[in-house]
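Read the structure below first, then the notes.
Below, read A as the first sequence line, B as the second, and so on, with proteins coming before strands; counting in each chain starts at 1. Only heavy atoms go into these numbers, but all of them, side chains included; no hydrogens, no water, no symmetry mates.
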Protein chains: 2
Amino acid sequence: MANPLESRFATAEIAAAEQYLDHDPPTELDPRVERLVNELIGRVADKWTMLILELLEERGTLRFTEVGRAVEGISQKMLTQTLRQMERDGLLTRTVHPVVPPRVDYALTPLGNSLSAAFCGVWVWAERNLATVEDARARFDARDA
Amino acid sequence: MANPLESRFATAEIAAAEQYLDHDPPTELDPRVERLVNELIGRVADKWTMLILELLEERGTLRFTEVGRAVEGISQKMLTQTLRQMERDGLLTRTVHPVVPPRVDYALTPLGNSLSAAFCGVWVWAERNLATVEDARARFDARDA
DNA sequence: TGCCATAGGCACCCAAAGGTAAGAAATGGC
DNA sequence: GCCATTTCTTACCTTTGGGTGCCTATGGCA
């Protein structure tokens, strides 16, 4: 495989992630704020959320069933639920067209785009270190077989 | 609050994340590899894993009870379980000192450090956009009260 | 003699996440 | 007049995550 997974991100998207990389040295922080951030990360680091985020990032506006088909293995219930949460958090917009049969479009907001950029590093890490992790697991499992 | 949460990362750590930001334009990818990456992300994006990762990143080597005290709200069971998984994945080393009472040290491996760097962008995003998300939620909830 | 501290293992139990399935609403096409 | 289509909602049931409590080993110390 000459071209690994990291190619899933366009150069422009990766460049956009750079805005998250210029900061000051560490200090102490408000524990209330820390709890909120932890809660937010827990919310947003969800499996389905990450997959839908990436999907809309690379394919643009999609309707309900298109997302459902693209995100392999998701049930209708989780699809609705995840999309609703993401809409509530301001990550995507939900546009209902008053036609029959119903048509609903989903697209990322700028906030959603920025989160996608922030997650970019994690995707790249995962695809780069996939083999390393599998090696580590094999060695760990062999240790006390 | 003059100095926001992003200060939790030292400048050097943030700089280390930059290695994840130079890549080629997107192409298609092997669905088998994609599934593996998704599984790995699901494993690693776990709440306790992220908290322990960040803790060891900023405080270095810690023993079992120290991690337990620092990660607020974690049960002993989840602590053991999460540490064991992270060790299996090669993210940290577990050093047992044959003394009484037992003493076990945990420290990140270079792989663990690199994952921490990759997650850095997500932490920064969360602390930057905390208020934005809360606003979005408030507006969403008010829409159909 | 007997209690404490440390890093777990193990078993039981509850709550929550998530899957399955059925139904609703509206209308153009047959 | 009936059916298909699309985007959900709701009810029900199973699976999993995670908590609690009890167990161990051993040397130091009161």
Side-chain angles (χ1 to χ4, degrees), chain A residues 35 38-52 55-56 59 61-89 91-107 140-141 143-145, chain B residues 35 38-52 55-56 59 61-89 91-107 140-141 143-145:
Chain A
R35 278 214 320 279
N38 288 346
E39 182 266 342
L40 179 55
I41 295 230
R43 201 23 287 294
V44 124
D46 167 72
K47 174 188 175 186
W48 298 127
T49 302
M50 294 184 63
L51 292 177
I52 292 176
L55 178 71
L56 290 178
R59 308 233 330 241
T61 300
L62 291 179
R63 50 190 302 190
F64 186 80
T65 41
E66 288 174 328
V67 178
R69 266 194 299 273
V71 180
E72 188 178 10
I74 194 170
S75 69
Q76 206 185 41
K77 176 182 172 179
M78 287 312 296
L79 182 55
T80 305
Q81 202 172 102
T82 306
L83 288 171
R84 225 33 74 75
Q85 281 177 331
M86 293 175 74
E87 184 196 4
R88 184 171 114 96
D89 288 341
L91 298 177
L92 53 77
T93 59
R94 177 170 173 271
T95 311
V96 183
H97 299 94
V99 297
V100 163
R103 175 197 178 90
V104 181
D105 286 337
Y106 294 92
F140 183 92
D141 295 343
R143 247 178 27 192
D144 35 32
Chain B
R35 277 214 321 279
N38 289 347
E39 182 265 345
L40 179 55
I41 295 230
R43 203 17 291 293
V44 123
D46 167 71
K47 173 188 176 185
W48 298 128
T49 302
M50 294 185 62
L51 292 176
I52 292 176
L55 177 72
L56 290 178
R59 307 230 336 238
T61 300
L62 291 179
R63 48 190 302 190
F64 186 79
T65 41
E66 289 174 327
V67 179
R69 267 193 300 272
V71 180
E72 188 178 10
I74 194 170
S75 70
Q76 204 186 41
K77 175 181 172 178
M78 287 314 295
L79 183 55
T80 304
Q81 202 171 102
T82 306
L83 288 170
R84 227 29 75 77
Q85 280 178 330
M86 293 175 72
E87 186 197 3
R88 184 170 116 98
D89 288 342
L91 298 177
L92 53 77
T93 58
R94 177 170 172 271
T95 312
V96 182
H97 300 95
V99 296
V100 164
R103 174 195 181 92
V104 181
D105 287 337
Y106 294 92
F140 183 93
D141 295 342
R143 249 178 24 193
D144 35 29

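Surrounding CZ of R94(A) are more than 12 heavy atoms belonging to other residues, nucleotides or ligands, all under 6.0 Å away. Counting heavy atoms of neighbouring residues, nucleotides and ligands inside a 6.0 Å radius, atom CD of E66(A) exceeds 12 of them.
Across all their heavy atoms, W48(B) and M78(B) have their closest contact at CD1-CE, 3.8 Å.
A close approach under 4.0 Å does not occur between any side-chain nitrogen or oxygen of Y106(A) and OP1 or OP2 of dT7(D). In terms of phosphate contacts, R103(A) brings no side-chain nitrogen or oxygen within less than 4.0 Å of OP1 or OP2 of dT5(D). Close to dT7(D), at under 4.0 Å from its OP1 or OP2, lies no side-chain N or O of T80(A). Between R94(A) and dT7(D), a side-chain N or O to OP1/OP2 separation shorter than 4.0 Å is absent.
Contact of the F140(B) side chain with the D89(A) side chain is not registered, since no non-hydrogen atoms from C-beta on lie closer than 4.5 Å. Under the 4.5 Å side-chain criterion, counting only non-hydrogen atoms from C-beta, V44(B) is in contact with L91(B).
Between L62(B) atom CG and dT6(C) atom P there is a gap of 15 Å when expressed in whole angstrom units. Rounded to whole Å, atom P of dT7(D) lies 14 Å from atom CD1 of I74(A). One interatomic measurement links the two molecules: CZ of R63(A) to P of dT6(D), which rounds to 6 Å at whole-angstrom precision. At whole-Å resolution of the value, CZ in F64(A) and C1' in dT6(D) are 9 Å apart. When rounded to the nearest whole Å, the span between CD of Q85(A) and C1' of dA17(C) equals 11 Å. Straight-line distance from the NZ atom of K47(A) to the P atom of dA17(C): 16 Å, rounded to whole Å. Between D105(A) atom CG and dT6(D) atom P there is a gap of 13 Å when expressed in whole angstrom units. Taking atom CD of residue Q81(B) and atom C1' of nucleotide dC10(C), one finds them 13 Å apart after rounding to whole Å.
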Per-nt protein contacts along nucleotides 20-30 of chain C (heavy atom under 4.0 Å; B base, S backbone sugar-phosphate only, - none) come out as B-B---BB---
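Looking only at distances, no side-chain donor or acceptor of T49(A) sits under 3.5 Å from a matching main-chain atom of A45(A).
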Apply side chain to side chain contact (heavy atoms under 4.5 Å, CB included) to residues L79(A) and I52(A) and explain how you reach the verdict. CA-CA 9 Å; L79(A) 182 55; I52(A) 292 176; 4.0 Å; yes
